[in-house]
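To start, the structure under review is shown below, and the notes come after it.
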Amino acid sequence: MVRAFSLTSDSLSYFIGYTLLHASRTVIVSPWLSDVNLRFPVNEHLESRHMKLLEAVPELPDTEVTFVVRTGEDHNEYIRDRLPEGVEMITIDDLHAKVVVCDEYAYLGSANITHGGLTVNRELCEIIENEYTDVERYLEAELDIELADA
């Protein structure tokens, strides 16, 4: 049985920070993606516990990060134009899902990874154990998304 818990959308920035810090692979799936403010647990890897997404990713070289966004959305161009080296962005035409997944856990809910989704809107946010225990297997089984290097 998969264990799950709910969190508020403003706590999602902490879950993303935790995942980026502790997972070897993280995939962020959101039709619209912004350079959101993240919070990180106490750690010895980052100079600050509060960082923007695009600022934090290159500071965590042991974490492989992939973004999956909706094709043709002008909103995503800001992120696309500023991707840190080694970060892949995949576009999908009919994407509506919102997931942050690593081998151990997955956030799923209604919140886009945008300022509004994390701080303004009333959203549903659930964290579940990744019963597939693998990022690629989760994405293939649940969203029919195949990553290029899988």
Side-chain angles (χ1 to χ4, degrees), residues 1-46 49 51-73 75-114 117-118 123-150:
M1 178 179 195
V2 174
R3 292 182 295 172
F5 64 91
S6 298
L7 61 118
T8 60
S9 55
D10 62 346
S11 296
L12 183 53
S13 69
Y14 184 83
F15 174 76
I16 295 169
Y18 175 89
T19 302
L20 290 172
L21 185 63
H22 292 289
S24 60
R25 177 86 193 262
T26 301
V27 177
I28 297 175
V29 178
S30 181
W32 300 277
L33 182 66
S34 299
D35 193 16
V36 293
N37 292 314
L38 299 179
R39 293 181 298 139
F40 291 86
V42 173
N43 68 86
E44 55 190 47
H45 303 288
L46 299 172
R49 291 185 55 213
M51 299 175 82
K52 294 269 196 187
L53 175 62
L54 292 178
E55 176 186 19
V57 168
E59 297 292 320
L60 300 165
D62 295 334
T63 304
E64 184 180 340
V65 179
T66 302
F67 298 126
V68 180
V69 298
R70 183 183 290 200
T71 303
E73 294 294 335
H75 179 93
N76 298 323
E77 288 181 20
Y78 181 89
I79 296 287
R80 185 179 304 109
D81 293 344
R82 291 163 177 78
L83 283 178
E85 188 175 321
V87 175
E88 181 180 18
M89 179 178 276
I90 298 168
T91 60
I92 297 178
D93 290 337
D94 59 351
L95 184 68
H96 191 69
K98 294 88 172 171
V99 177
V100 177
V101 64
C102 65
D103 291 339
E104 293 181 85
Y105 306 104
Y107 148 76
L108 48 137
S110 62
N112 286 296
I113 309 306
T114 62
L118 272 60
E123 304 281 1
L124 177 65
C125 300
E126 297 285 327
I127 306 297
I128 63 169
E129 289 179 307
N130 180 351
E131 64 184 313
Y132 302 98
T133 65
D134 179 86
V135 172
E136 287 82 5
R137 288 177 48 207
Y138 179 95
L139 292 171
E140 288 175 24
E142 297 295 332
L143 294 171
D144 196 25
I145 294 173
E146 288 191 36
L147 300 178
D149 59 350

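In this text the structure is predicted, and so the values were computed from the model without any measurement.
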**OP:** Check whether any side-chain heavy atom of Val27 lies under 4.5 Å from a side-chain heavy atom of Val99, and answer yes or no.
**Re:** no
Original post:
Just how far is it from atom CZ of Phe15 to atom SG of Cys102, taken to the nearest 0.5 Å?
Top reply: 5.5 Å
**OP:** Give the intermediate values and the outcome of side chain to side chain donor-acceptor pair (under 3.5 Å) for residues Arg80 and Thr91.
**Re:** CA-CA 10 Å; Arg80 185 179 304 109; Thr91 60; over 6 Å; no
Original post:
Any side-chain heavy-atom pair from Tyr105 and Asn130 closer than 4.5 angstrom?
Top reply: no
Original post:
Does any N or O in the side chain of Asn43 come within less than 3.5 Å of the main-chain N or O of Leu46, such that one atom is a donor and the other an acceptor?
Top reply: yes
Original post:
Yes or no on side chain to side chain donor-acceptor pair (under 3.5 Å) for Thr133 and Asp103, after CA distance, side-chain angles and deciding distance?
Top reply: CA-CA 5 Å; Thr133 65; Asp103 291 339; over 6 Å; no
Original post:
In Å, rounded to the nearest 0.5 Å, how long is the span from NE2 of His22 to NE2 of His45?
Top reply: 7.5 Å
Subject >> More than 12 heavy atoms from other groups under 6.0 Å of NE2 on His96 >> reply: no
Subject >> Gap separating the CG atom of Leu147 from the CD1 atom of Ile90, nearest 0.5 angstrom >> reply: 5.0 Å
Original post:
Where do Ile128 and Leu108 land on the side chain to side chain contact (heavy atoms under 4.5 Å, CB included) test, with the steps shown first?
Top reply: CA-CA 8 Å; Ile128 63 169; Leu108 48 137; 3.5 Å; yes
Subject >> Among Ile16, Val135, Thr19, Val57, side-chain contact (heavy atoms from CB on, under 4.5 Å) partner for Thr26 >> reply: Thr19
Subject >> With sequence neighbours excluded, residues passing side chain to side chain donor-acceptor pair (under 3.5 Å) with Glu73 >> reply: Trp32
Original post:
Is a donor on one side and an acceptor on the other found under 3.5 Å between the side chain of Asp35 and the backbone of Leu54?
Top reply: yes
Original post:
Just how far is it from atom CG of Leu95 to atom CD1 of Ile145, taken to the nearest 0.5 Å?
Top reply: 6.0 Å
Subject >> Contact summary for Ser34 and Leu53, nearest pair of heavy atoms >> reply: O-CD2, 3.8 Å
**OP:** Considering non-hydrogen atoms only, spot the tightest contact between Val36 and Thr114 and give its length.
**Re:** CG1-C, 3.4 Å
Original post:
Would you call Leu12 and Ile113 a side-chain contact if the rule is heavy atoms closer than 4.5 Å?
Top reply: yes
Original post:
Hey, mind stepping through Glu88 and Thr66 against side chain to side chain contact (heavy atoms under 4.5 Å, CB included) and telling me if it holds?
Top reply: CA-CA 5 Å; Glu88 181 180 18; Thr66 302; 4.2 Å; yes
Original post:
Is the shortest heavy-atom distance from the side chain of Leu83 to the side chain of Phe67 under 4.5 Å?
Top reply: yes
Original post:
Any donor-acceptor pair under 3.5 Å linking the side chain of Arg49 with the backbone of Phe40?
Top reply: yes
Original post:
What distance do Thr71 atom OG1 and Asp94 atom CG have between them, rounded to the nearest 0.5 Å?
Top reply: 8.5 Å
Original post:
Do Glu142 and Tyr132 have side-chain N/O donor and acceptor atoms under 3.5 Å apart?
Top reply: yes
Original post:
Should we count CG of Asp81 as having more than 12 external heavy atoms under 6.0 Å?
Top reply: yes
Original post:
Do side-chain atoms of Thr63 reach the backbone of Ala23 as a donor and acceptor pair under 3.5 angstrom?
Top reply: yes
**OP:** Taking Asn76 for its side chain and Leu33 for its backbone only, find out whether a donor-acceptor pair lies under 3.5 Å.
**Re:** yes
**OP:** For Ser30, enumerate each residue passing the side chain to side chain donor-acceptor pair (under 3.5 Å) test, keeping only those at least two apart in sequence or located in another chain.
**Re:** Asn112
Original post:
Salt bridge between Lys98 and Glu123, side-chain N to carboxylate O under 4.0 Å?
Top reply: no
Original post:
Nearest heavy-atom pair of Val69 and Pro31: which atoms, and what distance?
Top reply: CB-O, 3.9 Å
Subject >> Non-hydrogen side-chain atoms of Ile92 and Arg70 separated by less than 4.5 Å >> reply: no
**OP:** Return the minimal non-hydrogen interatomic distance between Gly117 and Ala111, and the atom names on each side.
**Re:** O-CB, 3.5 Å
**OP:** Would you sort out whether Val68 and Met89 count as a side chain to side chain contact (heavy atoms under 4.5 Å, CB included), showing the intermediate values?
**Re:** CA-CA 6 Å; Val68 180; Met89 179 178 276; over 6 Å; no
Original post:
Could you give the distance from CD (Glu59) to CG (Leu21), rounded to the nearest 0.5 Å?
Top reply: 12.0 Å
**OP:** Please tell me if the side chains of Leu139 and Val101 come closer than 4.5 Å, counting only heavy atoms from C-beta onward.
**Re:** yes
